[in-house]
Amino acid sequence: MDHLRSRLLAWFDRAQRDLPWRRHPSPYAVAVSEFMLQQTQVATVIPYFNRWMQRFPDWSALATAPESTVLKAWEGLGYYRRARLLHGLAQRVVALPGGELPRDPVALRELPGIGPYTAGAIASIAFDVPAAAVDGNVERVLARVFDERGDFAMPATRARIAAKAAALVRDERPSAYTQALMELGALVCLPRNPHCALCPLHALCARPDPARVPKKSRTTTTRESETLAWIVEEGGLFLQPPGTGPRWPDFWKLPVWEESMMVPADAPRPVGLTYGITRYRVAATLQPGSWARASQPELCRVPLEALGELLLPAPHRKLIGRMLGQDGKSGQLQAPVVAGSLAKAAND
DNA sequence: AAGTCGGGGTG
DNA sequence: CACCCAGACTT
């Protein structure tokens, strides 16, 4: 399949996107980008990556940073275990003799947070080592090219595709080849509406018909609803500290509304938001109120102007933004902006 | 082999 | 809405 490779590489040289981690692809930059890109789209990662490289420019800077700082820089990206694993990876790397990642994918696989995909991706992209890196994009592209019709949820199907990917590896521009396969999946060989007419592999693809593409099996989502409490006293908002509750163990959270403990307030009006977390779809309401008796001892009263520095789940931060009349369209609110806005709103 | 873990982009 | 995304780790 040398034909496939030459066509793919020629297309990549022409069509690849200008992405920040392609500017100076050091092993560190490649590793940071790969961790951030796990189950996360490129457009979401770009601003996080740029801020991260400013704040933690190399392995040493990351390794010596406190974990709270690392998590704060990851806030809003999701899958927070990745941040801890990357932090742990940095500490392992600086302790290695060369102070750098190994280039062997088998050795990479032993390090924290580096699975089969990421090991192949770092080896090939950062070190130009011929290694296969099979992510969701590559799986889809190869399944179409080789007319693999098995269910993607079945390990046997994925194993067949992985074998195809491994058989395609050559010692010819491994870095560009790995990125080209993924870039094709991201720009041309799309999940729903592949642009087959524009595809460099169109002539040799076994299944160029967009109407007959394999799809992943569905996941069932469970619906939930929750009411959270907005209680402010003396410029401080009552929050649940980290370490409690089923979700976001590292985060501060809005407390759950307790009918027996709280009295709803007439103003301001409640605000609502529906958000998804893993396989759940949660309809959340933020209810303003006050304490019926004494405040719950496990809650902390946090000054509104300090909220920007706290670790808050994205949906909770959005609810707070809406309660204070902010647009909230920016999704992730910058800490200084939040602090300033909250202080201003608290004076109203 | 199945569950868990976030959040946003997109048709 | 549902699906998908440069997956890894735990049970």
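Throughout, a chain's letter reflects where its sequence line sits, starting with A, and its residues are numbered from 1.
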A.B. asks: Describe the nucleic acid contact of A/W21 in one word from base, sugar-phosphate, nothing, applying a heavy-atom distance below 4.0 Å.
C.D. replies: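 Touches a base.
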
A.B. asks: Report which part of the nucleic acid A/S33 touches: base, sugar-phosphate, or nothing (heavy-atom distance under 4.0 Å, all strands).
C.D. replies: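 Answer is nothing: A/S33 stays at 4.0 Å or more from every strand.
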
A.B. asks: Determine the contact category for A/R247: base if any of its heavy atoms lies under 4.0 Å from a base atom, sugar-phosphate if only primed atoms, P, OP1 or OP2 are that close, otherwise nothing.
C.D. replies: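 A/R247: no heavy atom of the nucleic acid under 4.0 Å.
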
A.B. asks: In whole Å, I'd like the distance from the CZ atom of A/R317 to the C1' atom of B/dG6.
C.D. replies: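 Spelled out: CZ on A/R317 to C1' on B/dG6 is 15 Å.
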
A.B. asks: In whole angstroms, how far is the C1' atom of C/dA6 from the CZ atom of A/R17?
C.D. replies: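 A/R17 atom CZ is separated from C/dA6 atom C1' by 10 Å.
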
A.B. asks: A/Q39 side chain N/O closer than 4.0 Å to the phosphate oxygens (OP1, OP2) of C/dG7?
C.D. replies: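 Yes, because at least one side-chain N or O of A/Q39 sits under 4.0 Å from OP1 or OP2 of C/dG7.
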
A.B. asks: Is the number of heavy atoms from other residues, nucleotides or ligands within 6.0 Å of CZ (A/R17) greater than 12?
C.D. replies: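 More than 12 within 6.0 Å, yes.
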
A.B. asks: Between A/Q41 (CD) and B/dT10 (P), how many Å, whole number?
C.D. replies: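 Spelled out: CD on A/Q41 to P on B/dT10 is 6 Å.
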
A.B. asks: In this structure, how many angstroms lie between the P atom of B/dG7 and the CZ atom of A/R281, rounded?
C.D. replies: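 From A/R281 CZ to B/dG7 P: 13 Å.
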
A.B. asks: Looking at A/R192 and C/dC3, is any side-chain donor or acceptor paired with a base atom of the opposite kind under 3.5 Å?
C.D. replies: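 Yes, a donor-acceptor pair under 3.5 Å.
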
A.B. asks: Using a heavy-atom cut-off of under 4.0 Å over every strand shown, decide if A/R84 touches base, sugar-phosphate, or nothing.
C.D. replies: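 Answer is nothing: A/R84 stays at 4.0 Å or more from every strand.
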
A.B. asks: Take A/F146 and A/L168, measure what side-chain contact (heavy atoms from CB on, under 4.5 Å) needs, and give me the verdict at the end.
C.D. replies: CA-CA 12 Å; A/F146 295 109; A/L168 283 171; 4.0 Å; yes

A.B. asks: A/L86 CG to C/dA8 C1': how many Å, rounded?
C.D. replies: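 Checked: the CG to C1' distance equals 13 Å.
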
A.B. asks: May I ask you to verify whether the side chain of A/R81 and the base of C/dA8 hold a donor-acceptor pair under 3.5 Å?
C.D. replies: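 It does, because a donor-acceptor pair links the side chain of A/R81 to the base of C/dA8 below 3.5 Å.
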
A.B. asks: Is there a side-chain polar atom (N or O) of A/Y80 under 4.0 Å from OP1 or OP2 of B/dG7?
C.D. replies: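 The answer is yes; a side-chain N or O of A/Y80 sits under 4.0 Å from OP1 or OP2.
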
A.B. asks: If I take atom CD in residue A/E183 and atom P in nucleotide C/dC5, what distance separates them, rounded to the nearest angstrom?
C.D. replies: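 Spelled out: CD on A/E183 to P on C/dC5 is 15 Å.
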
A.B. asks: Does a side-chain heavy-atom distance below 4.5 Å link A/L201 with A/R144?
C.D. replies: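 Counting from C-beta outward, A/L201 and A/R144 never come under 4.5 Å.
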
A.B. asks: How many whole angstroms separate atom OH of A/Y79 from atom C1' of B/dT4?
C.D. replies: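 Spelled out: OH on A/Y79 to C1' on B/dT4 is 8 Å.
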
A.B. asks: Just so I know, are the side chains of A/V145 and A/K164 near enough to count as touching, which here means a heavy-atom distance under 4.5 Å?
C.D. replies: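 Counting from C-beta outward, A/V145 and A/K164 never come under 4.5 Å.
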
A.B. asks: For DNA chain B, whose closest nucleotide is more 5', that of A/Q38 or that of A/T44?
C.D. replies: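 Nearest-nucleotide comparison on DNA chain B picks A/Q38.
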
A.B. asks: Write down the distance separating the P atoms in C/dT11 and B/dG6, rounded off to the nearest Å.
C.D. replies: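 Roughly 16 Å separates the two P atoms.
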
A.B. asks: In whole Å, I'd like the distance from the CG atom of A/D135 to the P atom of C/dG7.
C.D. replies: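 It is 5 Å, rounded to the nearest whole Å.
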
A.B. asks: Does A/R173 count as lying over the ring of A/F12, i.e. NZ or CZ under 6.0 Å from the six-ring centre, within 45 degrees of the axis?
C.D. replies: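 Verdict for A/F12: no cation-pi partner in A/R173.
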
A.B. asks: Does the side chain of A/R279 get closer than 4.0 angstrom to OP1 or OP2 of B/dT4 through an N or O atom?
C.D. replies: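 So the side chain of A/R279 is within the cut-off, an N or O lying under 4.0 Å from OP1 or OP2 of B/dT4.
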
A.B. asks: Do NZ/NE/NH1/NH2 and the carboxylate oxygens of A/D104 and A/R109 come within less than 4.0 Å?
C.D. replies: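 No salt bridge links A/D104 with A/R109.
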
A.B. asks: Please state the P separation for the pair C/dA6 and B/dT4 - nearest whole angstrom.
C.D. replies: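 About 24 Å, rounded to a whole number of Å.
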
A.B. asks: Please work out if A/I114 contacts a base, only the sugar-phosphate, or nothing of the nucleic acid, heavy-atom cut-off 4.0 Å.
C.D. replies: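 Touches sugar-phosphate only.
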
A.B. asks: Starting from the 5' end of DNA chain C, give me the residue, A/V42 or A/P112, whose nearest nucleotide shows up first.
C.D. replies: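 Its nearest nucleotide being more 5', the pick is A/V42.
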
A.B. asks: Give a yes/no answer on whether the side chain of A/W74 brings an N or O atom under 4.0 Å of OP1 or OP2 in B/dG7.
C.D. replies: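 No, outside the criterion.
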
A.B. asks: Any carboxylate oxygen within less than 4.0 angstrom of a Lys/Arg side-chain nitrogen, looking at A/E226 and A/K253?
C.D. replies: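 No, no charged N to carboxylate O under 4.0 Å.
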
A.B. asks: Do the side-chain N or O atoms of A/K318 get closer than 4.0 angstrom to the phosphate oxygens (OP1, OP2) of B/dG6?
C.D. replies: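 For A/K318, the contact criterion (side-chain N or O under 4.0 Å from OP1 or OP2 of B/dG6) is not met.
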
A.B. asks: Base, sugar-phosphate, or nothing for A/F35, non-hydrogen atoms under 4.0 angstrom?
C.D. replies: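 The answer is nothing, as A/F35 stays clear of every strand by at least 4.0 Å.
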
A.B. asks: Distance criterion of 3.5 Å, no angle test: do you see the side chain of A/T278 paired donor-to-acceptor with the base of B/dG3?
C.D. replies: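 No such pair is found, so the answer is no.
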
A.B. asks: Within the pair A/R140 and C/dC5, is there a side-chain N or O less than 4.0 Å away from OP1 or OP2?
C.D. replies: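 For C/dC5, OP1/OP2 do have a side-chain N/O of A/R140 under 4.0 Å.
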
A.B. asks: Between A/T40 and B/dG8, is there a side-chain N or O to OP1/OP2 distance below 4.0 Å?
C.D. replies: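 Result: no.
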
